[in-house]
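Proteins get letters first, then strands, A, B, ... in listed order; numbering begins at 1 in each. Computed from a prediction, not measured in an experiment: that's the story for all the values here.
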Amino acid sequence: MKNKRSSIKRRNQNEENWKSLRTTRDDLSLDRTLPTGQSFRWQKVEEYDENDENEKKYSTYVGVIGRRVVQIRERMEFEEEEEKSYETTTIEFRVLNTNESNICKNEDKENGEQEEEQVTKDVRAYFNLDDPIPLKDLFEQFSKADPYRFGRLSAYVRGARTLRQPPAECLISFVCSSNNNIARIKKMVESLCEKYGEELVCNVSSRSRSRSSGSSGRDDDEENEVNDKEEINESKIYHAFPTVEQLAEKCDEQTLRDLGFGYRAKFIPAMAKELVKRGGEAYLLKLRDAPQTEEEKYRAITELTSLPGVGPKVAGCAALFSLDKKSVVPVDTHVWQLAREHFDPNGELASMETTASTTKGSANEEGAEQQRHKESSTPTTPTKQKDKPLSITPKMMKKCEEMLVSIYGAYAGYAHTALFVAELPTVRESLPEHLRTPTKADKKRGEKNGEKKPEKKKRKFLKVDGENKSDDDGA
DNA sequence: TGTCGACCTGCATT
DNA sequence: AAATGCAGGTCGA
């Protein structure tokens, strides 16, 4: 309560800095893009609406793009026209750190304007907003190509975009992602930035309820959370993602182990050094800017895979999320599961599971039937084997990727992102039940009590129908 | 060429 | 309450 006033004060001060990203919510949904495991650097931050007497909260995201701390929001407006009211959403951003844009504006008008242009350009690029085809149109194409799955899903994943991140940052982040969960990946990436990345100073800090993951503990100097008097001069320090040169020079395995990187600790310094040897970020940018041919796509994947800690999955992510290889479909456990569930009527994928690792008792019914004849030697008896986690072999990845590319075409990677996003817990919750891919837990439950028990806790704020609502909103 | 076990950590479930 | 499972996998044998 006491904080609100100050919060508003600060907002007034900066309200004019917001700029439009010049896109629409059909093309970009922040909730379905920023926290969905593409980038691990975005934090949700609540702010207050100064124009609303009730001081309604709205959410924004704060993250770092290059050397700029960027805050983004979706601002909703209600307009009335001829007795009808329209709701429009404007997506806006502003730069929070002072090193970059705000300073020169006063000094030098022209440079300032130039800089503003550049900022917008860079942020739009980060979101791939200069694609020749709007995401909305792509989704329509995908829906047409795949009415059964994508068509039914598209309303719920509207605006789920594929990002275009700085290559080294993307690559290194995904090296951290192996055999790991998103929460910890975020923590690792954040600590990497704090340890080695350039400081980015922001003069405005909104009081983010979300415990700022990285630096909650040591609040730098700060003594002013005592009362709301001088918060206007609060400064908050963010960090750029370290350059490969910085990492190659300064970072070592032991330090990273101490930071909790586990066995991935050795990969990062090794990779940084190798990348520097190959020409640093420029080397990766060359892979990005190569002609968009199949050949160059494979070259990029091959090059990446030869880096320490980079296998086919990580290479795929880097290629799709940072190197403009838009037809790449990185196949991980989630993608495999959803493909097997929705795109495998003949059980081709399912049959590959058991040939690879004879365990995994859960192979679905049809799959099991299909398999039966393939397996005369290995006892399939699902009972006693100790459920090894399903590991996905390169062969399986290839098959799965080919399958999805054959459906979605040159932008299959974008379709993949949307399909993947639909599997994330928050989005999944918003789906009508019949569109939810069964989780392993679901299946286990099903086996256990003969497909009986539906489920226990069920939210019921969902709309009833859900088949073709234009919208829902994922707050 | 393809398969298998080991590998760090931390949060959730049993 | 200790044990086990599981996370957007990769490496070396």
Touch class at under 4.0 angstrom, heavy-atom based, for A/Thr305 against every strand present: nothing

Residues A/Ser327, A/Lys297; criterion side chain to side chain donor-acceptor pair (under 3.5 Å); working and verdict: CA-CA 9 Å; A/Ser327 69; A/Lys297 182 175 91 179; 2.9 Å; yes

Salt bridge (Lys or Arg N to Asp or Glu O under 4.0 Å) between A/Glu274 and A/Arg278, intermediate numbers included: CA-CA 6 Å; A/Glu274 178 59 26; A/Arg278 296 187 192 181; 2.7 Å; yes

Side-chain donor-acceptor contact under 3.5 Å, A/Glu423 with A/Thr437: yes

Separation between the P atoms of B/dT3 and C/dG8, rounded to whole Å: 25 Å

Contact under 4.0 Å: A/Arg257 side-chain N or O vs B/dC8 OP1/OP2: yes

Listed nucleotide nearest any side-chain atom of A/Phe420, set C/dG8, B/dT9, C/dG9: C/dG8

Options C/dT10, B/dC8, C/dG8, nucleotide nearest the side-chain atoms of A/Pro330: C/dG8

5′-ward residue of the pair A/Val310/A/Ala183 relative to DNA chain C: A/Ala183

From C/dG9, B/dT3, C/dG8, nucleotide with atom closest to A/His334 side chain: C/dG8

Protein-nucleotide distance (A/Gln337, atom CD; C/dC6, atom C1'), rounded to Å: 13 Å

Gap in Å between the two C1' atoms, one belonging to C/dC11 and one to B/dG10, rounded: 23 Å

Qualifying residues under ring pair (Phe, Tyr, Trp, His ring centres under 6.0 Å), relative to A/Tyr414, sequence neighbours excluded: A/Tyr411

Touch class at under 4.0 angstrom, heavy-atom based, for A/Leu338 against every strand present: nothing

Between A/Thr255 and A/Asp258: side-chain donor-acceptor atoms closer than 3.5 Å: no

Value in whole Å for how far the P atom of B/dC7 lies from CE of A/Met188: 17 Å

Distance in angstrom units between A/Lys186 NZ and B/dT9 P, rounded: 22 Å

B/dG5 and C/dG5, which share atom name P, separated by this distance in whole Å: 15 Å

Mutual orientation of the aromatic rings belonging to A/His416 and A/Phe420 [parallel < 30°, tilted 30-60°, perpendicular > 60°]: parallel

Touch class at under 4.0 angstrom, heavy-atom based, for A/Gly309 against every strand present: sugar-phosphate

Side chain of A/His416 (C-beta onward), nearest among C/dT10, C/dG8, B/dG10: C/dG8

From CA spacing to verdict: side chain to side chain donor-acceptor pair (under 3.5 Å), A/Glu74, A/Tyr58: CA-CA 9 Å; A/Glu74 292 172 12; A/Tyr58 66 94; over 6 Å; no

Between C1' of B/dT3 and CD of A/Glu353, the distance in whole Å: 16 Å

Side chain to side chain donor-acceptor pair (under 3.5 Å) partners of residues 137-146 of chain A, not counting sequence neighbours, each pair once: A/Asp146-A/Tyr408

Protein-nucleotide distance (A/Asn181, atom CG; B/dA12, atom P), rounded to Å: 10 Å

Touch class at under 4.0 angstrom, heavy-atom based, for A/Gly311 against every strand present: sugar-phosphate

Atom-pair distance (NZ on A/Lys266; P on B/dA6), nearest Å: 15 Å

Options B/dC8, B/dG2, C/dG8, nucleotide nearest the side-chain atoms of A/Lys395: B/dG2

Length of the line joining A/Asp258:CG and B/dC8:P, which is rounded to integer Å: 13 Å

Spacing of A/Asn179 atom CG relative to B/dG10 atom P, expressed in whole Å: 14 Å

DNA chain B base-pair string [pairs: Watson-Crick or G-U under 3.5 Å; |: paired with another strand]: ..|||||.||||||

Touch class at under 4.0 angstrom, heavy-atom based, for A/Val314 against every strand present: sugar-phosphate

First encountered from the 5' end of DNA chain C, between A/Asp332 and A/Pro308: A/Asp332

Closest nucleotide among B/dC8, B/dT3, C/dG8 to the A/Gln38 side chain: C/dG8

Sugar-phosphate only, base, or nothing, as touched by A/Val331 at under 4.0 Å among non-hydrogen atoms: nothing

Parallel, tilted or perpendicular: ring planes of A/Phe142 versus A/Phe150, cut at 30 and 60 degrees: perpendicular

Side-chain N or O of A/Lys187 closer than 4.0 Å to phosphate OP1/OP2 of B/dC11: yes

hbond_proxy A/Arg264 side chain to C/dC11 base (donor-acceptor, 3.5 Å cutoff): no

